[in-house]
2 protein chains.
Amino acid sequence: MHSFVSKPIVDTGELLKKSKLKDTQPRRMVLEALAKINMPVSPYGIQKWLLKKNTELNAVTIYRILHAFNSACIVHRHPCSGHFALCTLPEQKGHHGFLHCHSCGLTEEFCSPALCTLEHGIAKKAGFDLENHMNEISGLCKHCKS
Amino acid sequence: MHSFVSKPIVDTGELLKKSKLKDTQPRRMVLEALAKINMPVSPYGIQKWLLKKNTELNAVTIYRILHAFNSACIVHRHPCSGHFALCTLPEQKGHHGFLHCHSCGLTEEFCSPALCTLEHGIAKKAGFDLENHMNEISGLCKHCKS
DNA sequence: ATTGCAAATGCAATATTATTGCATGAACAA
DNA sequence: TTGTTCATGCAATAATATTGCATTTGCAAT
Ligand SMILES: [Mn+2]
Ligand SMILES: [Mn+2]
Ligand SMILES: [Zn+2]
Ligand SMILES: [Zn+2]
């Protein structure tokens with residue numbers, strides 16, 4: 001177990017502006033929670049975190065906000081856990097995947113054009129038009145190996 | 001929407017024997033449901049299917065059975081939906097991924113050593129020991145494109 | 001066949017996650 | 001400042017998932 005969380009500096013207002021979504025108080029709260037928690041978290045986990053900061057936010061609202069953020073690609077939903085996290089590679093165009101350490105929970109995002117291409121090929125060979133794909137790798141991170 | 005479901009002939013007893021899991025009535029029921037439904041289905045979906053056949057099975061039991069089957073790799077859990085389906089490529093060793101048509105629900109399994117290798121490389125480069133990985137591709141199948 | 005044990009199941013309770021419809025409120029463009 | 005559109009709150013409900021414990025059952029050893 002580690003606590004090597006690097007604190008990302010996230011300007012919530014800036015993020016919202018770039019995403020072209022409406023800038024609202026609840027959205028800023030969710031963004032700030034995601035930034036401060038700095039690891040994948042469930043919608044209700046966000047709600048609990050906000051409660052500890054003495055702020056309340058309706059769970060339905062959190063679901064809807066996360067859905068909007070996900071559509072705008074500023075957050076990702078990690079399918080295996082149903083948790084959400086801020087995109088850490090906003091500058092890298094294309095498909096993003098995840099690495100997850102099942103020991104300490106560390107989550108890392110990666111961008112692999114090769115992987116993207118390969119999966120497009122797999123889809124094509126099967127007669128599919130790829131519209132979306134998800135890649136989640138789990139294992140032991142470098143810290144937990146030792 | 002199509003109904004090009006190819007009926008797989010599944011010998012539930014045989015499957016259980018090969019998996020080395022205990023051969024029980026509930027397990028045979030779940031296997032038969034999965035075989036007959038022939039597409040990814042939720043645990044409660046299995047329960048409902050069994051009910052329509054006038055058989056009952058406890059939901060907790062279904063969860064536990066699916067977990068055992070998943071560990072034995074005779075069924076897979078599709079992370080994006082939380083649904084389960086029989087493995088359709090039992091003879092192909094290694095990692096299996098999925099293609100899913102969001103229009104008709106058709107699901108196809110694929111086995112790609114190249115993809116597996118690539119993801120092992122991605123993990124290694126990030127300092128991870130890969131222990132598991134999931135690949136789910138969604139799009140339009142060849143039937144739904146036309 | 002009988003027995004004994006480990007493993008599977010049923011049951012009850014509870015927790016967690018997710019969705020829907022509708023009334024109200026807030027953002028922001030005009 | 002105003003008006004429209006979109007977001008939020010609230011209430012209800014559905015769907016998914018887990019836990020502990022008592023009981024039953026598969027199956028291996030006798
Ligand atoms: Mn990303
Ligand atoms: Mn398979
Ligand atoms: Zn770790
Ligand atoms: Zn289709």
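These numbers come from a predicted model, not from an experiment.
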Which of residues 42-63 of chain A sit near DNA chain D, with a heavy atom under 4.0 Å from it?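 Here the set is A/L57, A/N58, A/V60, A/T61.
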To the nearest 0.5 Å, how far apart are [atom1] in [X] and [atom2] in [Y]?
| X | Y | atom1 | atom2 | result |
| --- | --- | --- | --- | --- |
| B/C73 | B/L89 | SG | CG | 12.0 Å |
| A/M134 | B/F98 | CE | CZ | 10.5 Å |
| A/T24 | A/L16 | OG1 | CG | 7.0 Å |

B/R77 side-chain N/O to D/dT16 phosphate OP1/OP2 under 4.0 Å: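 No, no such contact exists.
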Please answer: with hydrophobic residues joined when any side-chain heavy atoms are less than 4.5 Å apart, are A/I62 and A/V41 in the same cluster?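 Result: yes, single cluster for both.
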Assess the residue pair B/H102 and A/N132 against the criterion (side chain to side chain contact (heavy atoms under 4.5 Å, CB included)); give the C-alpha distance rounded to whole Å, side-chain angles, the decisive distance to 0.1 Å, and a yes or no. CA-CA 10 Å; B/H102 60 236; A/N132 196 19; over 6 Å; no
Axis-to-axis angle across the helix from C/dA1-D/dT30 to C/dA30-D/dT1, five pairs an end, to 10 degrees? 40°
Can you spot which of B/H133, B/H120, B/H76 makes a ring-ring contact (aromatic ring centres under 6.0 Å, His included) with B/H95? B/H133
Can you sort out the partners of B/D23 under salt bridge (charged side-chain N to carboxylate O under 4.0 Å, His left out), two or more places apart, ordered by chain and number?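 Listed in chain order: B/R28.
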Taking all atoms of both residues into account, what is the closest heavy-atom pair of A/F110 and A/L99, and its distance? CD2-CG, 4.0 Å
Looking at A/H78 and A/A85, what are the two nearest heavy atoms and their distance?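 So the minimum-distance heavy-atom pair works out to NE2-CB, 3.9 Å.
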Contacts under 3.5 angstrom, residues 43-55 of chain B side chains, donor-acceptor by atom type, not counting sequence neighbours:
{"residue": "B/Q47", "atom": "NE2", "partner": "B/L57", "partner atom": "O", "Å": "2.8"}
{"residue": "B/T55", "atom": "OG1", "partner": "B/L50", "partner atom": "O", "Å": "3.0"}

Would the distance check show the side chain of B/K18 and the main-chain N or O of B/I74 forming a donor-acceptor pair, the cut-off being under 3.5 Å? no
Using whole Å, what does the distance between atom [atom2] of nucleotide [N] and atom [atom1] of [X] come to?
| X | N | atom1 | atom2 | result |
| --- | --- | --- | --- | --- |
| B/N70 | D/dA17 | CG | P | 12 Å |
| A/R27 | D/dG9 | CZ | P | 11 Å |
| B/I65 | D/dA17 | CD1 | P | 16 Å |

How would you give the extent of chain A contacts on DNA chain C, as first and last nucleotide 5' to 3' within a 4.0 Å heavy-atom cut-off?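 On DNA chain C, the outermost contacted nucleotides are C/dT17 to C/dC28.
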Worked check of side chain to side chain contact (heavy atoms under 4.5 Å, CB included) between A/V30 and A/L66: CA-CA 8 Å; A/V30 170; A/L66 290 171; 4.0 Å; yes
Can you build the contact string for nucleotides 21-30 of chain D? Use B for base contact, S for sugar-phosphate-only contact, and - for no protein heavy atom under 4.0 Å. -----BS---
Residues A/T107, A/M39; criterion side chain to side chain contact (heavy atoms under 4.5 Å, CB included); working and verdict: CA-CA 7 Å; A/T107 298; A/M39 66 186 317; 5.6 Å; no
